[in-house]
Amino acid sequence: MSLEMWSADEAAMTEAENVADSIARSGGNALFNDRPALQERLKVIHQTFHREVFIVDPQKRIIADSANADIGEVFQHDPESDPEYAVSKTLIDGKTRKFLKRKINSKTPINLLVVDIRKDGMDDNSPIVGAMVIEYTGVRDQLMAKALAANKLISILILVFLVATFFLARALGLSILVPVRNLRLAVNDFAAGNRSARVEVTSADEIGGLTLAFNRMADALNASDTRMQENDRTLAATALQLAEMNEQLQQEIEEHKRSNEQVEYLAYYDSLTGLPNRTMFSTILTRDLNQAERHDKQLGLLFIDLDQFKHVNDTIGHKTGDELLGEVAQRLKACLRKSDSCARLGGDEFVVLITEIEQDHQLESIARKINAALAQPFPLVGYEFFVTASIGICVYPEDGRDVSSLLKNAEIAMYHAKDEGKNNFQFYSEKMNRNSLLRFALEASLRTALGNNEFSLAYQAKVATRDNHIKGVEALLRWTHPELGPIGPAEFIPLAEATGLIVPIGRWVLHTACVQHAKWCEQGFPDLVMSVNLSARQLSDRSLLDDIAAVLDETGMNPALLELEITESIVIQDMEKALIKLNAIKALGVRLAMDDFGTGYSSLSIIKQLPLDTIKIDRAFIRDMPSDIDANAITTAIIAMCSALGLSVVAEGVETREQVDFLKGLACDEIQGFYFSKPVNADAFYALLASHAFEEVAA
Ligand code: C2E
Ligand code: MG
Ligand code: MG
């Protein structure tokens with residue numbers, strides 16, 4: 001029997017049992033004895049439950065029957081279908097039993113249940129008074145049908161459940177497991193370094209949310225990675241920058257160190273010659289003076305200044321001049337012992353300190369040695385240059401006991417050597433000191449001379465050889481010192497040039513000469529050419545052109561009647577700059593003359609380049625004419641050259657009739673010199689002009 005059938009059986013049996021119990025046990029003996037009531041009860045049961053039921057007494061006699069058929073009959077059991085004799089046994093032991101009974105004309109046996117009926121109903125110990133047999137086949141079948149139906153339903157439900165579970169699992173597999181697996185793979189992938197690992201969001205559920213969160217996390221990690229990489233890059237760049245800065249700093253420190261060393265070197269040494277400079281020399285001299293004092297010894301100081309070095313420098317250019325100074329330093333050192341010191345004080349000034357004086361004439365012989373060494377030609381830029389030096393000597397302790405007085409006195413002695421014709425040496429003496437003081441005093445007075453109206457102009461005529469008429473006049477500066485009286489230009493002009501005072505003084509000369517020229521014009525000499533000397537220092541002055549233009553404007557002077565005299569050194573210093581300036585002057589309509597021609601170093605090619613109108617042959621050539629053949633030849637050549645170049649020629653320093661005649665013979669244009677007139681003041685010159693005009697007219 002299947003489980004369902006067994007269950008139905010049991011259920012039907014339980015129900016029959018309950019019905020039987022309800023009669024047997026609730027009714028008890030009383031009901032049992034009331035047969036009609038019992039019969040009525042069974043009828044109700046039959047009507048209510050549709051059950052066949054009958055009750056037997058202990059002898060198996062039917063005492064009540066729901067079918068009201070077999071009452072009084074003894075229940076006959078069927079040994080085939082009821083081998084156990086269920087009713088009989090229950091009547092003995094009171095146990096409920098079930099059994100089958102065949103029905104007449106029916107193959108299918110009916111299911112019956114036998115339940116004991118006790119005297120006291122529910123009391124299991126009271127005696128058995130009968131048994132109730134109840135049929136439960138219908139109920140069983142019903143239950144069976146129900147059970148089968150329920151079974152089917154359950155099967156269907158199980159099937160549905162299984163199918164649903166399958167689809168659910170599939171759905172779960174698709175919607176959960178796949179995304180979860182994808183997520184897991186992506187996480188592994190990402191963890192393995194694949195920063196682009198992402199999962200497609202396929203649902204809006206928790207997994208979708210998780211996937212989205214993973215993707216965001218991956219993005220955030222990527223962004224943070226990128227930021228970190230950027231930070232790394234920035235860090236690397238910063239590190240590189242720092243390294244570069246560090247290197248730069250190191251370089252700067254090195255540079256600083258080098259420049260400090262350089263500064264220190266420059267502070268104590270002369271970069272041009274490598275010799276100690278003034279500062280260093282003072283230290284050396286102080287040290288040696290202390291030693292000399294301690295050991296009661298003498299010291300010798302030689303102050304060396306190259307003669308006309310400025311001129312040399314102007315001629316060969318500063319660069320070659322510097323080379324020359326370097327060579328001079330080498331030669332000086334070669335003249336000295338190791339114990340002696342040599343220094344460059346600046347420009348062309350050198351000093352030599354002799355520490356161990358053993359013989360009386362030792363300083364003198366060193367000075368001679370130096371002069372001789374410097375007298376040797378200096379081969380530079382393909383030429384041989386000749387340099388001489390003036391040396392001043394002073395001795396410790398006689399001529400000074402400290403650094404400054406020794407240096408000062410040696411310099412005074414040097415100036416004295418220069419005054420004595422250069423290329424020599426002089427020992428210091430007290431008298432020299434006085435002269436030197438005079439020089440310093442002169443410089444001081446020169447500074448106040450202009451303000452004190454101490455300057456004046458002398459005028460010297462320039463006469464045309466053709467007809468002896470005064471064609472022009474040269475303005476020459478004169479200084480009358482309030483105490484010293486007249487001081488010659490040769491003495492104060494170099495001083496004025498060296499101090500730069502020549503600029504304001506020269507401006508005054510130009511103005512005074514032009515004003516004077518205007519007066520003479522008014523007085524009837526309108527064609528007179530006024531010559532004014534211009535020093536190199538003035539040419540480099542920025543206001544020169546303005547000054548010239550202003551004075552022409554102020555006096556109304558015809559620019560063609562103003563002639564500015566320059567010297568060769570002017571153009572050799574810086575040819576390009578000079579050319580620009582001279583052309584600008586020329587552009588004002590002013591004439592230009594080359595003064596003292598022949599004494600400088602200018603070449604024919606330079607003369608050709610300059611915008612000149614006049615050449616003035618230096619007095620040095622005229623002086624020796626006509627007796628000196630060389631002077632004659634040079635003068636002849638210069639005049640021929642000027643004629644070829646279309647320049648007018650003036651001979652300076654003409655003092656004799658012979659010179660005049662000779663120059664006239666060479667067709668020299670103009671003559672200037674004492675022969676005609678010395679430089680005189682304005683009034684005297686006017687008188688000269690007037691008398692000359694008269695002479696000319698008379699002639
Ligand atoms: P310099 O321009 O060559 O002037 C001619 C110089 O020769 C003048 O000397 C003049 O007095 C002198 N002299 C003229 N004829 C004779 C003569 O027959 N025999 C002799 N022995 N000498 C004669 P000074 O006036 O002493 O001037 C000397 C130099 O001073 C001038 O030479 C010129 O270079 C310079 N100088 C004069 N005045 C000025 C000036 O205002 N400015 C500038 N920068 N230099 C000036
Ligand atoms: Mg002159
Ligand atoms: Mg001259």
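As the structure lists them, so they are numbered: ligands from 1, and atoms in each ligand from 1.
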Checking the N or O distance criterion of under 3.5 Å, is ligand 1 in contact with [X]?
X      : result
Glu497 : no
Gln460 : yes
Phe674 : yes
Gln672 : no
Leu477 : yes

Side chain or backbone of [X] under 4.0 Å from ligand 1, or both, or neither, by non-hydrogen atoms?
X      : value
Val532 : neither
Lys616 : neither
Asp618 : neither
Ser535 : both

Under 2.8 Å from the Mg ion (ligand 2), the protein N, O or S atoms found are Glu474 OE2, Asn533 OD1, Glu565 OE1, Asp595 OD2
Taking NZ, NE, NH1 and NH2 as the nitrogens, is one of them in [X] or [Y] under 4.0 Å from a carboxylate oxygen of the other?
X      : Y      : result
Lys471 : Asp669 : no
Arg344 : Glu349 : no
Arg619 : Asp596 : no

Do any non-hydrogen protein atoms sit less than 4.0 Å from [atom]?
atom                    : answer
atom 6 (C) of ligand 1  : no
atom 9 (O) of ligand 1  : no
atom 23 (C) of ligand 1 : yes

inquiry  = Over 60° means perpendicular and under 30° means parallel, so tell me whether Tyr459 and Trp520 are parallel, tilted or perpendicular.
reply    = perpendicular
In the protein, what heavy atom is nearest to [atom], and what distance, to one decimal place, separates them?
atom                    : answer
atom 35 (C) of ligand 1 : Ile493 CD1, 4.1 Å
atom 4 (O) of ligand 1  : Leu476 CD2, 3.5 Å
atom 29 (C) of ligand 1 : Pro489 CB, 4.3 Å
atom 19 (N) of ligand 1 : Glu655 OE2, 2.4 Å

**Sub-4.0 Å heavy-atom approach of Ala490 to ligand 1** = no
Pairs of donor and acceptor atoms involving the side chains of residues 641-656, under 3.5 Å and at least two apart or interchain, shall be tabulated with distances.
residue : atom : partner : partner atom : Å
Ser648  : OG   : Thr614  : OG1          : 3.2
Thr656  : OG1  : Gln659  : N            : 3.1
Thr656  : OG1  : Gln659  : OE1          : 3.3

Note: ligand 1 atoms sitting under 4.0 Å from heavy atoms of Arg478 are 11 (O), 25 (O)
For Asp596, the atoms of ligand 1 under 4.0 Å from one of its heavy atoms are 3 (O)
